[in-house]
Number of protein chains: 2
Amino acid sequence: MVTIKDIAARLQVSPSTVGRALADDPRISGATKKKVTEVANEMGYVANLAARMMRGISSNLVGLVLPDIRNGFYSTIAHALSTCLQGAGLQLTLSETEDDRMVELHHIRELISANVAGIIIVPTAKPHRDTVRMLKMSPHVQLIRRHAAIGDQWFGIDDTQAIYEATNHLVQLGHRRIGYVGGIDELPTGAARLQGFHKALPRGAKLGSALVQLGAPGSADFGREAARHLLSLAAPPTAIVAGSVQITQGVLEELMAQGVRAPDDISVVGFGDELGFRWWGPGLTTVGLPVSDLATSCGLWFVHQIKQNSFTSAPYTSISPATLIVRGSTRPFVAASKERAGAPLRGAAA
Amino acid sequence: MVTIKDIAARLQVSPSTVGRALADDPRISGATKKKVTEVANEMGYVANLAARMMRGISSNLVGLVLPDIRNGFYSTIAHALSTCLQGAGLQLTLSETEDDRMVELHHIRELISANVAGIIIVPTAKPHRDTVRMLKMSPHVQLIRRHAAIGDQWFGIDDTQAIYEATNHLVQLGHRRIGYVGGIDELPTGAARLQGFHKALPRGAKLGSALVQLGAPGSADFGREAARHLLSLAAPPTAIVAGSVQITQGVLEELMAQGVRAPDDISVVGFGDELGFRWWGPGLTTVGLPVSDLATSCGLWFVHQIKQNSFTSAPYTSISPATLIVRGSTRPFVAASKERAGAPLRGAAA
DNA sequence: ATGAAAGCGCTAACAG
DNA sequence: CTGTTAGCGCTTTCAT
């Protein structure tokens with residue numbers, strides 16, 4: 001391993017001169033700097049981060065803590081952040097919680113002890129108190145989900161508006177018996193989305209509690225089950241709103257498996273615009289989320305905070321609006337269509 | 001920040017005693033150990049990783065270097081590895097290269113200087129020589145793509161076989177004019193897949209070089225362009241094989257945009273089984289890749305190597321086979337179908 | 001069984 | 001402009 005000392009010896013100068021030259025210290029002559037950088041490159045010098053960190057400088061690591069990277073939603077975020085941070089010389093570490101608060105705690109512990117420069121987190125429903133405590137030891141920001149105890153620095157989507165748009169679209173089309181399959185309302189996002197759903201329903205809408213199905217937002221399986229349940233009702237909904245990416249996936253799979261066709265048999269509005277949603281049946285009408293932009297602004301802001309070292313706990317909130325993307329999976333409700341009850345609902349596949 | 005010294009002062013012992021007690025050194029009496037650990041907990045002592053690293057102990061960080069995390073292929077890998085490593089107390093850092101060798105070099109430099117415990121890499125086509133040199137400074141393993149200079153430790157897919165299966169399926173169905181859209185053959189994966197394509201073609205197959213389109217495997221746009229080109233040929237192919245996930249995406253999009261319908265107008269075989277591929281048209285016949293299993297075994301092996309500290313450069317190669325998933329996008333070639341030439345090829349959308 | 005002391009590589013005073 | 005020196009917190013000889 002090439003150290004600053006080796007370079008110094010080779011150039012017959014003192015280690016500090018080399019150190020300063022490498023740090024582009026204004027007190028060092030251009031000639032010396034040039035020589036030093038030259039030799040450094042030639043010898044393949046790589047600064048030892050550990051030593052640097054011991055001098056109090058926090059590492060260049062930023063922890064990204066999220067439920068599951070396989071979710072296109074989150075991998076988009078990871079990509080955007082990675083790009084942002086790289087520009088600032090920061091490295092991203094990836095920690096998956098699987099929405100388990102103990103796993104989350106474990107990761108935060110690791111990150112703090114690794115002296116990370118900051119943490120970007122999509123918190124679980126109920127973070128452990130130690131998680132909250134430790135987060136305060138480092139600059140941090142919440143993404144997508146927001147938990148009051150963790151702090152007031154948050155970048156997210158207007159969840160209520162997103163599902164409102166989705167639901168309202170169906171209402172405008174004349175649907176009244178609308179099913180909603182979404183994340184549990186213990187999750188801030190789950191609660192906000194559910195609220196958007198209710199807000200959009202007109203007084204006339206028949207809202208049996210059976211039409212609202214809540215479960216794990218990260219589970220496509222839950223989406224399938226919930227869809228199956230809705231379809232099996234004596235009076236199944238004429239339209240379904242999905243409240244998370246994974247749930248949308250599950251719902252779509254179930255509909256396809258049962259041979260239920262959109263928009264003829266049922267109207268569907270999804271959440272997020274994953275690859276393939278446009279390919280599903282006649283094209284899925286869905287809520288488009290500005291995930292990439294959101295993550296980018298979060299990244300830029302965070303880098304700024306870290307660089308300025310002015311990580312005051314001044315609240316900062318950024319809410320991005322979602323936009324409805326209308327494709328073929330929704331259409332006006334036709335009261336006359338008798339075939340929308342019980343067994344006949346199922347298509348040829350059943 | 002509580003240090004070993006603080007504890008020592010509090011207990012009226014020397015720092016080294018505390019250090020040893022914490023390290024469970026056999027030379028320390030049980031009583032002292034007990035007291036030390038007690039006080040350490042009480043004071044909230046957390047070992048300083050930086051200082052430890054300076055003593056040569058490598059960090060608990062493992063670098064994952066890949067082209068683009070948004071690719072479902074790679075996010076699946078990241079997830080599997082993250083899970084593996086977490087079990088071993090290791091943290092994963094994410095570095096995206098965007099298939100740019102200089103970016104790759106930059107990342108490797110960072111990782112080495114961060115004293116990572118190891119590096120798992122999907123190398124770019126032609127890694128920089130410094131990248132290769134630095135990789136040798138740390139335990140490492142190649143995933144998916146394999147570059148001879150980097151080493152003999154590799155976990156990948158049998159690319160040749162994968163595309164062979166895909167192509168052969170079409171050949172068996174009677175197709176003779178088959179188009180291939182794949183990654184550049186400078187990439188080991190690109191070359192292997194192209195080889196599989198050629199291997200599967202019978203002597204009778206008309207292979208105009210125009211039928212083989214090579215480009216950036218990570219670019220859906222390239223896939224679109226290539227597909228557009230193939231469709232515009234005077235004698236367009238009766239079937240297309242796609243040679244990467246992104247390319248598959250692009251090809252599918254273009255076919256859909258032009259209103260070309262599979263399997264009636266053309267047969268298509270994709271690469272990988274992304275979410276949504278099953279939803280495309282009649283369901284995409286595609287090559288299923290055991291990505292998750294592959295990454296898991298890679299992770300397990302790597303953890304083992306790191307733990308054993310026996311990172312001998314003993315070659316280790318693991319090749320996983322791909323399996324063809326037949327859905328609706330392919331069907332026997334029917335010679336009589338006249339409408340498969342020039343303008344009439346395009347459907348209603350054109 | 002415990003202490004003292006010497007670094008690991010780097011940076012930041014403090015001197016020239 | 002450059003050199004000297006003194007640590008950062010920990011481990012690890014070498015002494016007691």
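Only heavy atoms go into these numbers, but all of them, side chains included; no hydrogens, no water, no symmetry mates.
Set against dC8(C), dC10(D), dC14(D), the side chain of Met54(B) has dC8(C) as its closest nucleotide. The Arg20(B) side chain lies nearest to dT2(C) when the options are dT4(D), dT2(C), dG9(C). Each of dT11(D), dT2(D), dA4(C) was ranked by its minimum atom distance to the side chain of Ser29(A); first place goes to dT2(D). The Ala51(B) side chain lies nearest to dG9(D) when the options are dA4(C), dC10(C), dG9(D).
Remark: Arg52(A) is not in phosphate contact with dG9(C), judged by side-chain N or O atoms under 4.0 Å from OP1 or OP2. Under 4.0 angstrom from either OP1 or OP2 of dG3(C) there lies at least one side-chain N or O belonging to Thr17(B). For dT2(C), the OP1/OP2 oxygens have a side-chain nitrogen or oxygen of Thr32(B) closer than 4.0 Å. Of the side-chain N and O atoms in Thr3(B), none sit less than 4.0 angstrom from OP1 or OP2 of dG9(D). Taking 4.0 angstrom as the limit, Arg27(A) places none of its side-chain polar atoms (N or O) nearer than this to OP1 or OP2 of dT2(D).
Judged by distance alone, with hydrogens and angles left aside, Ser16(A) brings a side-chain donor or acceptor within reach of the base of dT4(D), the pair sitting under 3.5 Å.
The backbone N or O of Arg145(A) lies less than 3.5 Å from no partner atom in the side chain of Thr189(A), so there is not a single donor-acceptor pair.
The residue Ala50(B) sits apart from the nucleic acid: no heavy atom pair falls under 4.0 Å.
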